[in-house]
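Computation of the quantities below employed the complete heavy-atom set of this structure, encompassing side-chain atoms and omitting hydrogens, waters and symmetry-equivalent molecules. Order of appearance sets the numbers: ligands from 1, and atoms from 1 within every ligand.
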Amino acid sequence: MTHIPAALTIAGTDPSGGAGIQADLKTFQELKTYGMSVITSVVAQNTTGVQDVQHMSVSMIKQQLKSVLSDIPFQAFKTGMLADIDIMDAVIEKISGLDSPYIMDPVMMTTSGHTLIAEDSRKYLRENLLPLSALVTPNIPEAEVITGETIKTPDDMQQAAKQIVDEFGAGAALVKGGHMQSQAADFLFDGETMHTFSTERIDTQNTHGTGCTYSAAITAYVTHGYKLPDAVQRAKDFITAAICHSFSIGQGNGPTNQWAHRMERVK
Ligand SMILES: Nc1ncnc2c1ncn2[C@@H]1O[C@H](COP(=O)(O)OP(=O)(O)OP(=O)(O)O)[C@@H](O)[C@H]1O
Ligand SMILES: Cc1ncc(CO)c(N)n1
């Protein structure tokens, strides 16, 4: 018998395969975690943008969660796109009380600038979902929405990470610097210590789905038993390699390369 840790992603889809559920499952598979998925919204999108969106019904989301939860245990789970308050409520009902760590990617916009979450549900996400998370992984615009503060410097990013934990009740916060001009520096505050994960910025347009892939990699490493700072360091190496060897396919922002970590080892 073969034992494998398992992870669940609760998120929206990307038929072009670079972001959302598809990116999460590819990442889980790469990192030897058995991947499972609950679809919240079907998003017609590609590397150039979003063409259409259809949300799953609340009853269908709840039933998908019930199908997984009643059958297969998992060591960690993540959420991505949760488009409105009804969907958030359905997820909260089913995940409250679960023992496994919850990694929340507070998805608000696509790389191409399309909004994926209703305006009125941002506050709801902060007040009702955020406190359930072991880790939340906002990029700078998302951290600005959550904290209500403008974030311009690495110092502002660290303040935001602290505020998200101390004031809004996340277990830990990783504020990601992919939207900064210079270094790709991310700051993790785990309630006690501020950790920095920094690499040179890679000059590329291919950043479709970087946030999904990064949080999925963290989730996968957590299923293997790594504690947060180690899981984030390993996931940072994974996403950096995936961006470095990203694919120039499609007409817009190309996707990352989830098997690049194998190429890095060969070098
Ligand atoms: N050009 C780049 N070079 C190196 N690392 C990058 C680059 N862009 C993003 N990253 C890194 O990729 C990870 C994901 O961060 P990012 O801020 O891009 O997430 P995101 O905005 O949530 O992604 P998405 O585009 O999927 O919404 C972070 O570790 C960030 O530092
Ligand atoms: C479904 C989905 N979730 C998240 C993102 C952000 O990259 C996206 N483009 N699509």
Side-chain angles (χ1 to χ4, degrees), residues 9-25 27 37-56 78-83 87 103-117 136-146 151 154 157 160 173-188 195-218 231-246 250 252-258 260:
T9 172
I10 306 166
T13 66
D14 174 6
S16 71
I21 292 273
Q22 282 82 350
D24 293 343
L25 290 177
T27 304
S37 59
V38 164
I39 293 171
T40 54
S41 299
V42 174
V43 184
Q45 63 173 314
N46 56 28
T47 62
T48 69
V50 173
Q51 291 78 44
D52 204 358
V53 180
Q54 188 171 325
H55 304 317
M56 293 292 100
K78 66 162 276 192
T79 58
M81 177 185 178
L82 303 173
I87 293 176
I103 287 90
M104 174 180 170
D105 186 5
V107 169
M108 295 183 188
M109 264 202 201
T110 63
T111 311
S112 54
H114 193 103
T115 300
L116 293 177
I117 172 172
V136 62
T137 63
N139 60 25
I140 288 175
E142 290 158 354
E144 288 184 325
V145 168
I146 293 169
I151 300 173
M157 292 169 71
L174 177 68
V175 178
K176 302 172 295 186
H179 294 246
M180 294 290 251
Q181 290 309 315
S182 48
Q183 289 283 108
D186 310 333
F187 297 99
L188 170 71
H195 305 265
T196 305
F197 307 90
S198 188
T199 59
E200 292 293 316
R201 216 187 144 68
I202 301 158
D203 185 18
T204 178
Q205 293 280 90
N206 301 333
T207 52
H208 179 59
T210 50
C212 306
T213 301
Y214 191 28
S215 56
I218 296 169
V232 173
Q233 181 59 64
R234 280 167 189 269
K236 176 75 172 169
D237 294 344
F238 183 92
I239 189 63
T240 304
I243 295 169
C244 195
H245 299 281
S246 57
N253 298 109
T256 68
N257 174 351
Q258 278 101 350

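With hydrogens and angles disregarded, no donor-acceptor distance shorter than 3.5 Å links the side chain of S41 to the backbone of V43. Panel note: side chain K78, backbone A217; no donor-acceptor pair is recorded below 3.5 Å. Checked by atom type and distance alone, the side chain of D105 never pairs as donor or acceptor with a backbone atom of T79 at under 3.5 Å. Formation of a donor-acceptor pair under 3.5 Å by the S246 side chain with backbone atoms of T256 is not found in this model.
Checked options T27, T137, L188; the residue passing with I218 is T137 (criterion: side chain to side chain contact (heavy atoms under 4.5 Å, CB included)). Checked against I10 for a side chain to side chain contact (heavy atoms under 4.5 Å, CB included), the options V38, I39, I87 give a single hit: V38.
Of the candidates A184, C212, S198, A184 brings a heavy atom nearest to atom 5 (N) of ligand 1.
The single protein non-hydrogen atom nearest to atom 6 (C) of ligand 1 is I243 CD1, 3.5 Å, given as residue, atom name and distance. The single protein non-hydrogen atom nearest to atom 10 (N) of ligand 2 is Q45 NE2, 2.9 Å, given as residue, atom name and distance. The protein heavy atom nearest to atom 7 (O) of ligand 2 is C212 SG, 3.8 Å. Remark: minimum distance from atom 9 (C) of ligand 1 to any protein heavy atom is reached at G178 CA, 3.5 Å.
On a distance-only criterion, G211 and ligand 1 share at least one N/O pair closer than 3.5 Å.
Of all the heavy atoms in M108 and I146, the pair that sits closest is CE-CG1, 4.3 Å.
Counting heavy atoms closer than 4.0 Å to ligand 1, residue K236 contributes side-chain atoms (C-beta onward) but none from N, CA, C or O. At a heavy-atom distance under 4.0 Å, only side-chain atoms of D186, from C-beta outward, approach ligand 1.
At least one heavy atom of L116 sits less than 4.0 Å from an atom of ligand 2.
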